[in-house]
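Labels below follow one simple rule: chain letters A, B, ... track the order of the sequence lines, proteins then strands, and each chain is numbered from 1.
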Amino acid sequence: MHYNFNEIEAKWQKYWADNQTFKAENNSDKEKFYVLDMFPYPSGAGLHVGHPLGYIASDIYARYKRHKGFNVMHPQGYDSFGLPAEQYAIQTGQHPAITTAENIKTYRRQLDQIGFSFDWSREVRTSDPKYYKWTQWIFIQLFNSWYNKDSDKAEDIETLIATFSSDGNANINAVCDDDIESFSAADWNAFSNKEQQEILLKYRLTYLADTEVNWCPSLGTVLANDEIVNGVSERGGHPVIRKKMTQWSMRISAYAQRLLDGLNTIDWPQPLKDSQTNWIGRSQGASVTFKVLTQTDLPLTPSQGGGTERNPSGQVISDNNQAPSQGKGTERNQSNQSDSDVTVNPSQGGGAAPHYVTGDADLYAMLLDRAKEMRKNPTAAEAKLWEVLRDKKLESKFRRQHPVYKYIPDFVCIEKNLIIEVDGDIHDYQVDEDAQRQLVLEEKKGFKVIRFTNNEVLNDIESVKQKIETTLNSPSLGGGRGEVPSDAREIEVFTTRPDTIFGASFMTLAPEHELVAEITTAEQKADVEAYIQATAKRSERDRMADVKTISGAFTGAYAEHPFSKEPIPIWIGDYVLAGYGTGAVMSVPCGDQRDYDFAKHFDIPIPNIFEGVDISEEAFADKDNTVIANSDFLNGLKYKKAVKLAIYELEKLGQGKGKINYRLRDAVFSRQRYWGEPFPVYYDESGMPQMLNKKFLPLALPEVDKYLPTETGEPPLGNAKKWYWLQYGEEGKVVSKEEFENSSPSGRLGGDLELNTMPGWAGSSQYFNRYMDPHNEDAIFSEEAINYWQDVDLYIGGSEHATGHLLYSRFLQKFMFDRGYVPKDEFAKKLINQGMITGTSAFVFRLDLKDYTDSLDKLVQGRKYSKEEEEEIKKFVQKNNNKILVSKNLLNSEIYPNSDFGSGQLQVFSNFPKLENVLKLRFPELKNLLDGILISVVKLHANVSFINASNELDIEAFKNWLPEYKDAVFILNNGEKYDASSLPLGEGRGGVYTVGREVEKMSKSKYNVVNPDDIVAEYGADSLRLYEMFLGPLEQSKPWNTAGITGVHGFLKKLWKLYHSGENGAFHVSDSPPSEGSGEDLKTLHKTIKKVEEDIENFSFNTSVSTFMICVNELTAQKCTSRAILEPLAILVSPYAPHIAEYLWACLKLGADFNMDNLPADYKGISQVDFPVFEPKHLVESSKEYPISFNGKMRFTMELPLDLSKEEIEAAVMAHEKTQQQLQGRTPKKVIVVPGKIVNIVG
RNA sequence: GCUCGAGUGGUGGAAUUGGUAGACACGUUGGACUUAAAAUCCAAUGGACAUUAGUCCGUAUGGGUUCAAGUCCCAUCUCGAGUACCA
């Protein structure tokens, strides 16, 4: 019998399927083991040989673990939502579900024929409504959760609502939007339902927000950060722009620290952990608040120009021409500042009025004059109260007699929208007018007005003060005047180097920073606006590509250094990114190269604050060797201490605190696609999003006529005729717009459904848990199932998912853990990234010919051709251009010039002298004319299926494939011609055409894709499995070369022969005890058991294939036929080559004539047999072949018993004749003896 | 630029803790069998000199530690992956 792999493999695959051999039970006495592959996206192209690599590795491991007595779950499924099926739908109109189903069928067939031990009863498909029901359910759970920083976990939104209604939000420590105003319990309870919903949305873990997103116009959808590579879309490479859209987002940033910490608890590849760490991007430092100085705060002229400057009010403020950063700061006078603020007249200011100008513009000048008058003559009560309010004594800044609208109230706190009036006697007759004025201020201008009488102020200032304080702290007080935040005149920066704060000689804001317009002075306005426009024009990509160019603009504004109180200029520059930190930096040119370059470029001073460091050439960024100087209280300190002290001092000033910043942003969760999970969300009458009740899930994807966005630019679901939610009580359904509008409003719930769908990672972030109980219709999985299977023990997949799928899955696992659904907060204990299998492209080499007789170079070379010669050349070129293909060995150079190579034939031939000779030989008419032709060599991909193991081209197949070369001339490696005319007798006289080979990514366009179907048909699944493992280490990227498969295929044949040593290759094993032959067979077996076991545990599958080969070679040489050896061997091999192992096992157990269709009822396949146990006693050696080296160089070996002592070994070695020969009479200085290892003689 | 990983025959790759470098294969060359091919089997195969013995050189390069270095340390070069003005 010969090894008929096709028949064997088909039969046993059927046997496994029929018997559900690999079905895993959810309750078992055995220990569980969960082996998982990243489920594939079923693409139309089907599998190539690179795809199964990881599946084969995991399958070997799963089978091995079954042999080791584990209850192994090894499921498989499909990540079947996604773009390609949708693009195909757009092009052809075929529903993505149909495309997907077809592709899955192909995948399944291809997977089945490789013999995986998948438990297909657990298959999931993300696009199956029964599956995405639970994806929608998870979304609802996220919506109904918030992140409590105090307990450091996600909690039910109800706990938040309970706290709101009992205590307001003052003491809530949550991860939430940053624009939340504080409110009391009373406020909360007084809010309308809509207001409450709006507030809750700012806390939910998935929330609807206007976010700046990466919009890809070509794809018509937004992309997550991890879907963008080098500024263009990962799929298709389309440009991406920033755009504001209302989108669902996931508050993954809440988990930044835990995602980081969790990495220490899992056995994942370091590069993958590194890239997650990088992606999360934690940096520790401080946030520092800089006050922006107003014009009048500045003692000195801000601009570089000379001469006297005027402030906008026309008042001469300085004739001092010193640059501000060099000048001394003068003491600032707070009360002066307050007063002088109002002297700014907006009508002359040039730009937008400063935010504190609240007076009516038309009346402003008049009001201002009156206000000034009034300030000079305060009443006693006003003066007394001013003493309490001025200089921020109550934390909030008050202004007195400050014009507001048409009035001049006594005291105003603009930041808090609070007006304080002191009613003197004089006002008594004015009650009506005051009431009117209050109404206007409160209703129209949004101020709160509180009044005190003169008496109250004069007699009980304490209670007045208290009342003002209470009012100031009341959350009902507005947060300031609309668009201008209360801290508008402060700039917050994040820095990792607070120790270098005294080196900050300027500040830089991102051009997009919200304060830029506000602080820019009139003189600088033009500059700044021009710069902002210039940066806005540049695409993300340009900005990234061009990081060398330094650009920026001065705003004219200054900030106050928190410690030195010096004014420092505020610049804008596009090297500061709006999206990171606060979009502003304190620039320390001496300690940061970018700041340094910027300062150099714009001639900004670079103060040196490092001891003994030269910064004349570049910045000094080395933290470890830092000693701070010129920095007041930080002088002489090292980095760590200086950081601590700087933060401490900043905290004392209230201008900073230690802070940890993360790069990780919340994940945008909406996609404007059709082929994805619909959100279980409708929008009610007030426009607020509402979740569908769980019992209405799944909300199935609607049918649409076309898969493109609607004419109004809405996502494809906008095309659906029925996409309204209509619900009365317990009954709900999806209806058309008409049906909804015609339904009775009484008791009706519902509204239009969400038009976006979920992104690709939605369905893949918990699928590993769904496998545990995939058919459960009441829950995502049962408690019993999750508690039994717990988590994935081994996860194998590609590293390209490092910052996408794998990060989101960890995030969702932690969320599920917080909410008590899963027992583990990391879903996969161990993860391995399989490497990519690259293709080995094949090339033929075409000669491109060009008539060279007219060329200028010809004259330079001084060669002249006769008319006849020129004719001859022209004729030849015309006939043979692009028609001559030469064998690789004629191009005996590593340089293959392409068609652009134009420096003349001389260089071509100096590179390829062999080619020149051959051409002269084969085309005798050209013998003296070759100089007249410009020849360049062009590489062409040839389909790898035409290439044999020796890199020889099947010329006829190639010609059939590319008919344009039907009449081409092939010049073979022996210099012979092979062309249409030389057929059929010519045949190139034994020559062959050798192709060039290069490793490239496997791709259709490179014609180097190898289909596993072909391999399986020709060599069998077991050969494919073995060869994929044999190629090299699992994690490593390595090239596929089909030729090499003969090695492992030959091994399988040898293995077969070992069991078929009978007459005519009949199956034969002997029951005689082992070691009857050479006595070495047990040693061979146990050596193999040991090595294979170690290899599998270490995922070193390539070396165990070698081990099998060695084992079979040895047993063959030993003529082993012993059942005691061959049975364990079959088990050892079975994880790798399960089909042949199953067959041999059946022969061993039932005899070679067993009937596949009628196996004994109690027959157990090889997969259910225990793994052989390694017994060290078989490997005990009595002697060792010692390498004897001299000065570390091995010279010869000698066999010595292992039980010799060091001294005995030394004596034996020294006595050896070869030792004496090596020493040539010298006496060794030293003899190193390592028993059982080596002897080294020094001297 | 930064972070990580890797450089070993013609090729894929072995060498788990420093201890016989190149296991196991592919390819190549020679041979056997065959009308021939395929298949199979045998032998050789890091390089150089010698070709009988043997000698020297060899794990990207240059240093170092050690009785002994592919393996450990330092520097340099090259390639790959990730990331990128992250303050």
Dot-bracket assigned to RNA chain B with the 3.5 Å Watson-Crick/G-U criterion, [ ] for crossing and | for other-strand pairs, is (((((((..(((......[....)))((((((.......))))))((((....))))..(((((..]....))))))))))))....
Closest to side chain of A:I1238, choosing from B:G19, B:C86, B:A84 | B:G19
Which nucleotide sits closest to the side chain of A:D274: B:C4, B:G12, B:A87?
-> B:C4
Mind checking side-chain contact (heavy atoms from CB on, under 4.5 Å) for [X] and listing every partner two or more places apart, or none if nothing turns up?
X	value
A:R497	A:T495, A:D499, A:T500, A:F610, A:K623, A:T626, A:Y639
A:D954	A:F946, A:E956, A:A957
A:I1238	A:P1187, A:S1189, A:V1234

Please list all pairs passing the salt bridge (Lys or Arg N to Asp or Glu O under 4.0 Å) test where one or both residues lie in residues 1095-1115 of chain A, with sequence neighbours left out.
-> A:K1087-A:E1114, A:K1091-A:D1095
Return the polar atom pairs (N/O with N/O) between nucleotides 60-68 of chain B and the protein under 3.5 Å, or none.
unit_1 : atom_1 : unit_2  : atom_2 : d
B:C67  : O2'    : A:N1240 : ND2    : 3.0
B:C67  : O2     : A:N1240 : ND2    : 2.8

With under 30° as parallel and over 60° as perpendicular, where do the rings of A:H801 and A:H805 fit, or are they tilted in between?
->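 Plane angle over 60°, so perpendicular.
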side-chain hydrogen bond (donor to acceptor under 3.5 Å, both in side chains) partners for A:S287, two or more places apart = A:E492
Name the residue closer to the 5' end of RNA chain B, choosing between A:V1239 and A:A584 according to the nucleotide with the nearest heavy atom.
-> A:V1239
List the atom pairs, with distances to 0.1 Å, where a side-chain N or O of residues 266-274 of chain A and a protein N or O form a donor-acceptor pair under 3.5 Å, not counting sequence neighbours.
unit_1 : atom_1 : unit_2 : atom_2 : d
A:D267 : OD2    : A:K830 : NZ     : 3.1
A:W268 : NE1    : A:A828 : O      : 2.9
A:Q270 : NE2    : A:D274 : OD1    : 3.0
A:K273 : NZ     : A:L263 : O      : 2.9
A:K273 : NZ     : A:I266 : O      : 2.8

Reading 5' to 3' through nucleotides 48-56 of chain B, protein heavy-atom contacts under 4.0 Å coded B for base, S for sugar-phosphate only, - for none = -------SS
Shorter than 3.5 Å, N or O on both sides, protein versus nucleotides 38-41 of chain B: list them out with atom names.
unit_1 : atom_1 : unit_2  : atom_2 : d
B:U40  : OP1    : A:K1053 : NZ     : 3.3

Counting only non-hydrogen atoms, which of residues 1098-1106 of chain A are less than 4.0 Å from RNA chain B?
->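 Within this stretch, A:N1102, A:T1103, A:S1106 sit under 4.0 Å of the strand.
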Which atom pairs, one a donor and one an acceptor, fall under 3.5 Å between side chains of residues 1038-1047 of chain A and the rest of the protein, sequence neighbours left out?
unit_1  : atom_1 : unit_2  : atom_2 : d
A:K1038 : NZ     : A:P1033 : O      : 2.7
A:K1038 : NZ     : A:L1034 : O      : 3.3
A:K1038 : NZ     : A:Q1036 : O      : 3.0
A:W1040 : NE1    : A:T1042 : OG1    : 2.8
A:N1041 : OD1    : A:A1043 : N      : 3.4
A:T1046 : OG1    : A:A1043 : O      : 3.2

